[in-house]
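Right, one structure below, let's go through it.
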Amino acid sequence: MTIVQRASDLIGDTPLLELARTGTGTRLLLKLDQLNPTGSCKVRMARQMITEAERDGRLRPGGHIVEPTSGNTGCGLALVALERGYRFTAVVDQHAAREKLRMLTAMGAELVFADCSGDGGPSSVQRREIAARLARELGAYHPDQHNNPGNSNGYGGLAAELRRQLGTVDVLVAAIGTGGSLCGTVRGLRASGMTTRSVAVEPVGSIIFGGPAGVYHQTGAGSPDGFPIGSNVDYSLVDDSHRVSDRDAFAGARVVARRTGLLVGGTTGGAIHVALRRLFAYPAGSTVVVLCNDAGEKYLDSVYDDEWLRARGVLDELAHRRVERWFTTYAVSVRVAERDAFAPALAVSA
């Protein structure tokens, strides 16, 4: 057993879980990055952004960090800040999961609230404006995760882990928000010689790939109307993009919880939904990996609460049954393939 002295030393080396397999030999694997400290992959890039800021003098000992966040990046920054002696102010809104806000407070972060948008969606634009103003007034370091290269750079280690664990990744599927986790990981995989196909998943209502703007309840992914897309969304690294509704994303997460006992966040549920729906579309023998960027325990009062979903009109039992049918279909295809493989041998022996 390795004993470490700081929680951030536990970042990385997260395991893989096979979620589904087809009769053609394609397998769907979950990279369980929610098992990082703070329950999210975002702690990887939070540490990297702070390390790079220290290295080039933008952040000095005893400094102050200010960043807008829907929660997970903030929790990562809060962890690194407390370990390294920085003050951290997170600009948040009530759209964030309550558990994330409580985590931030528990780790000593100061919370500044922006008003939620009038339609009940995230106040991303307002949070960003408030954070920039506070950073100027306080002389604080504002990482600006959407445009900070350290965000994407923070996922080089994730790419290296996947290389060690799998040898090759044919398809990488992930929810997209700042763009760092998907684009940074794909960049690292391709730099090693892989030809990984990347699939970005955003909520219906997000504008990253040009769809019509609207209200969505998935937190930590997508961009609302009027929010400028940052440089960490590198369109040249994205091969396919899909939009997933709250109903389907939350159904994906909830069915996975019932089948495996693992709780993932709503946006990860969306990525799983897209991967499951398209699994037969990939060449035989493909290795498809979904980045599980977020722990579902933060959403017990939302994604996993029937009344919360019902109040927002996104509880859909038909969507749940569709996901269950995909699992059944893939399991049947494996049994059929196994039967067909034994058929010639049985014929010869007869």
Side-chain angles (χ1 to χ4, degrees), residues 1-19 27-55 59 61 65 69 71-86 88 99-100 102-109 143 145 148-169 172 174 180-182 184-189 191-194 196 220 256-257 260-265 268 287 289-298:
M1 179 181 294
T2 300
I3 298 174
V4 301
Q5 295 183 332
R6 299 186 303 182
S8 62
D9 293 332
L10 297 169
I11 296 171
D13 292 321
T14 54
L16 290 156
L17 173 72
E18 182 176 299
L19 183 65
R27 53 184 180 163
L28 173 57
L29 308 179
L30 305 183
K31 175 62 169 168
L32 301 179
D33 232 39
Q34 78 270 33
L35 298 181
N36 279 305
T38 74
S40 169
C41 72
K42 296 295 186 72
V43 72
R44 293 180 185 264
M45 64 90 147
R47 180 177 62 177
Q48 185 67 23
M49 290 192 301
I50 296 307
T51 297
E52 291 185 11
E54 291 172 334
R55 188 181 301 144
L59 184 59
I65 304 166
T69 174
N72 283 325
T73 298
C75 289
L77 288 170
L79 173 63
V80 179
L82 69 88
E83 287 185 344
R84 302 188 187 186
Y86 300 118
F88 174 53
E99 292 86 349
K100 293 181 186 178
R102 294 171 69 181
M103 283 180 63
L104 284 165
T105 301
M107 289 190 285
Q145 59 184 303
N148 191 320
N151 179 348
S152 292
N153 295 343
Y155 295 99
L158 177 53
E161 288 170 34
L162 290 171
R163 288 198 303 273
R164 290 197 304 270
Q165 293 170 318
L166 297 172
T168 189
V169 175
L172 185 71
S181 58
L182 176 64
T185 305
V186 169
R187 183 180 293 114
L189 292 173
S192 69
M194 293 189 199
T196 304
V256 167
T260 69
L262 288 174
L263 276 66
V264 299
T268 295
T287 296
V289 176
V290 170
L291 297 184
C292 294
N293 292 342
D294 191 17
E297 288 82 355
K298 302 170 185 176

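In this chain, numbering begins with 1 at the start of the sequence shown. What's counted below: heavy atoms across the whole structure, side chains too, no hydrogens, waters or symmetry copies. Quantities reported herein were computed from a predicted structural model and do not represent experimental measurements.
Considering only residues two or more places apart in sequence or on other chains, Glu54 meets the side chain to side chain donor-acceptor pair (under 3.5 Å) condition with Arg84, Tyr86. Legend: residues meeting side chain to side chain donor-acceptor pair (under 3.5 Å) with Ser152, ordered by chain and number and at least two apart, are Asn232. Every residue two or more places apart in sequence or in another chain that forms a side chain to side chain contact (heavy atoms under 4.5 Å, CB included) with Pro149 is listed here: Asn153. Scored by the side chain to side chain donor-acceptor pair (under 3.5 Å) test, Thr14 finds Lys31, Asp33 as partners (sequence neighbours excluded). Among residues two or more places apart in sequence or in another chain, the salt bridge (Lys or Arg N to Asp or Glu O under 4.0 Å) test is passed with Arg164 by Asp13. Partners of Thr105 under the side chain to side chain contact (heavy atoms under 4.5 Å, CB included) rule, at least two apart in sequence or in another chain, are Leu111. For Leu262, the side chain to side chain contact (heavy atoms under 4.5 Å, CB included) criterion is met by Leu17, Leu32, Thr260, not counting sequence neighbours. Judged as a salt bridge (Lys or Arg N to Asp or Glu O under 4.0 Å), and not counting sequence neighbours, the contacts of Lys298 are Asp294. Among residues two or more places apart in sequence or in another chain, the side chain to side chain contact (heavy atoms under 4.5 Å, CB included) test is passed with Leu10 by Val4, Pro37. Applying the side chain to side chain donor-acceptor pair (under 3.5 Å) criterion to Glu18, with sequence neighbours excluded, gives Arg21. Listed by chain and residue number, nothing satisfies the salt bridge (Lys or Arg N to Asp or Glu O under 4.0 Å) test with Arg102 (two or more places apart in sequence, or in another chain).
Across every non-hydrogen atom of Cys292 and Val264, the tightest pair is SG-CG1, 4.3 Å. When all heavy atoms are compared, the tightest approach of Ala174 to Leu182 is CB-CD1, 4.0 Å. Residues Thr69 and Gly74 approach most closely at OG1-N, 3.0 Å, considering heavy atoms. Summarising the geometry of Cys41 relative to Ser181, their closest heavy-atom pair is SG-CB, 4.3 Å, with the distance given to 0.1 Å. Across all non-hydrogen atoms, the minimal contact from Met49 to Leu77 is CE-CD2, 4.4 Å. Here the shortest heavy-atom pairing between Ala81 and Ile65 reads CB-CD1, 4.3 Å.
Under a 3.5 Å cut-off, the side chain of Thr268 and the backbone N or O of Asn293 do form a donor-acceptor pair. Judged by distance alone, the side chain of Arg47 and the main-chain N or O of Ser8 form a donor-acceptor pair under 3.5 Å. Glu161 contributes no side-chain N or O that, together with a main-chain N or O of Gly12, makes up a donor-acceptor pair within less than 3.5 Å. Judged by distance alone, the side chain of Asn151 and the main-chain N or O of Gln145 form a donor-acceptor pair under 3.5 Å.
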Quiz prompt | Derivation and outcome, side-chain contact (heavy atoms from CB on, under 4.5 Å), residues Val290 and Leu19 | solution = CA-CA 10 Å; Val290 170; Leu19 183 65; over 6 Å; no

Quiz item: After noting the C-alpha distance and the side-chain angles of Lys42 and Cys75, does the key distance pass the side-chain contact (heavy atoms from CB on, under 4.5 Å) rule?
Solution: CA-CA 8 Å; Lys42 296 295 186 72; Cys75 289; over 6 Å; no

Exercise. Evaluate the side-chain contact (heavy atoms from CB on, under 4.5 Å) criterion for residues Glu297 and Gln34: first the C-alpha distance (whole Å), next the side-chain angles of each, then the deciding distance (0.1 Å), finally the verdict.
Key: CA-CA 10 Å; Glu297 288 82 355; Gln34 78 270 33; 5.8 Å; no

Quiz item: Please walk me through it: do Leu162 and Thr196 pass side-chain contact (heavy atoms from CB on, under 4.5 Å)?
Solution: CA-CA 11 Å; Leu162 290 171; Thr196 304; over 6 Å; no

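In this structure, the separation between OG1 on Thr73 and CZ on Arg44 is 13.5 Å, given to the nearest 0.5 Å. We find the CG-NZ distance between Asn72 and Lys100 to be 4.0 Å, quoted to the nearest 0.5 Å. Interatomic distance, CD1 of Ile50 versus CZ of Phe88, reported as 8.5 Å (0.5 Å rounding).
Residues Leu79 and Val43 meet the side-chain proximity criterion, which asks for heavy atoms closer than 4.5 Å.
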